[in-house]
Amino acid sequence: MKRLLTGFFLALACAAHGQLSNYNSQAYWSRFTLQSHQQQPAGSDTSLVFVTNRFIHPDSLRFVDEFIDTSALKYFFLEKQQGTWKVYPEPTLAEAMDHLPRHRDIVVYAEGMGKIFTSNVERAQLMSGQYGVNVVMFDYASINTTYKPSKNFRFARQNARLSAPQYLQLLRTIRAARESGEPWTEGVSISTFYHSMGNIILEQMMKGQDTGVLAANTTPFVDNLIINAACVPMRRHARWVEKIHFAKNVFVHYNKRDMQLKGAHLLTLKRQLGEKVPQRQRASNAQYVNFLELARWQHSYFMNFPYNDYRLNAAMVAYFNRLFNGKGVTAGELTALQASAPAATASN
């Protein structure tokens with residue numbers, strides 16, 4: 001059974017790698033144009049901010065690399081016009097954020113394994129469009145298109161760990177901006193979302209970095225912190241989750257049938273946090289939400305994806321809409337969410 005499930009996990013990874021070839025094709029990359037520092041955005045409702053630690057090659061078609069550069073963060077504002085993404089380098093986060101539409105709640109989004117720059121853009125656009133939020137994507141190298149799936153599993157985990165100090169740097173910048181009342185922070189909520197291996201960044205930050213600076217002498221600057229389908233060890237997770245003092249609400253989403261996490265469990269010989277969490281091992285500051293009946297074997301159950309027949313039901317959309325827009329969730333709303341399970345697998 002172990003060998004069968006591990007093989008299934010690697011088969012899923014191979015299928016994802018094949019799908020990724022589209023995002024890495026010359027035709028797909030031609031939809032992205034890196035602008036000069038002198039050029040100014042024209043203004044578009046379809047826009048994103050990317051904060052990346054990848055190497056940048058301005059003279060290349062594939063101008064965002066598949067390796068990380070831990071020496072510096074780079075900031076980009078992206079806007080889509082007539083099917084083409086224009087990518088504008090910005091010297092600071094504030095200057096990138098100033099181009100986004102005003103009065104939209106903000107989600108700082110860290111993805112999991114298997115994303116190059118172009119596929120992260122698609123995911124950020126989907127989140128922005130489906131939930132009406134401004135997305136700040138923390139973009140790190142989580143796959144190399146020349147590696148085999150088993151090597152990419154190690155590659156992605158290592159890069160997520162190495163990215164933790166730079167992610168802390170991003171959060172410190174956001175905290176300072178909110179404290180000083182920079183215009184892009186006024187009247188909006190700020191939530192952070194970690195999917196799958198993106199949670200390794202959070203885990204390593206909480207374990208190995210001085211995160212006290214995020215909560216010192218201030219009220220929490222993050223409204224909702226969302227740990228989704230986490231590809232990190234479940235054992236002793238409460239030790240680092242309970243150190244998260246910079247967020248008003250912490251949510252942990254899990255699903256014991258999640259096939260990707262079952263594969264990660266077998267490869268690491270450790271139960272993953274996104275699988276199942278016994279009551280006695282839970283963090284006291286977090287709400288735990290079981291997506292078993294809602295998501296079945298799905299791993300990415302927080303948005304609707306064009307290449308997946310699985311569709312969130314209305315209650316799931318409403319739930320994630322509340323989280324991404326900085327609102328709390330009552331016990332009654334969680335009960336209603338669970339009660340909606342039978343309709344969750346309907347296709348459109």
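All values derive from a computational prediction rather than experimental measurement.
A search for salt bridge (charged side-chain N to carboxylate O under 4.0 Å, His left out) contacts involving R161 returns nothing, not counting sequence neighbours. Every residue two or more places apart in sequence or in another chain that forms a side-chain contact (heavy atoms from CB on, under 4.5 Å) with S191 is listed here: D223, N224. By the side-chain hydrogen bond (donor to acceptor under 3.5 Å, both in side chains) test, R54 pairs with D139, sequence neighbours left out. For P41, the side-chain contact (heavy atoms from CB on, under 4.5 Å) criterion is met by F77, E79, Y88, H99, not counting sequence neighbours. A search for side-chain hydrogen bond (donor to acceptor under 3.5 Å, both in side chains) contacts involving S47 returns nothing, not counting sequence neighbours. Remark: R62 engages no residue in a salt bridge (charged side-chain N to carboxylate O under 4.0 Å, His left out) (not counting sequence neighbours). Every residue two or more places apart in sequence or in another chain was checked for a side-chain hydrogen bond (donor to acceptor under 3.5 Å, both in side chains) with S119, and none qualifies. Residues meeting the salt bridge (charged side-chain N to carboxylate O under 4.0 Å, His left out) test with E182, sequence neighbours left out: none. Residues satisfying the salt bridge (charged side-chain N to carboxylate O under 4.0 Å, His left out) criterion with E111, sequence neighbours excluded, are K115, R123. For K243, the side-chain contact (heavy atoms from CB on, under 4.5 Å) criterion is met by M206, not counting sequence neighbours.
Using the six-membered ring where Trp is involved, F221 and F246 have ring planes that are parallel, under 30° apart on the 30 and 60° scheme.
Applying the side chain to side chain donor-acceptor pair (under 3.5 Å) test to pairs two or more places apart or on separate chains, those with a residue in residues 229-241 are H237-Y288. Within the structure, ring-ring contact (aromatic ring centres under 6.0 Å, His included) pairs that include any residue of residues 160-180 comprise F138-Y167, Y167-Y194 (at least two apart or interchain).
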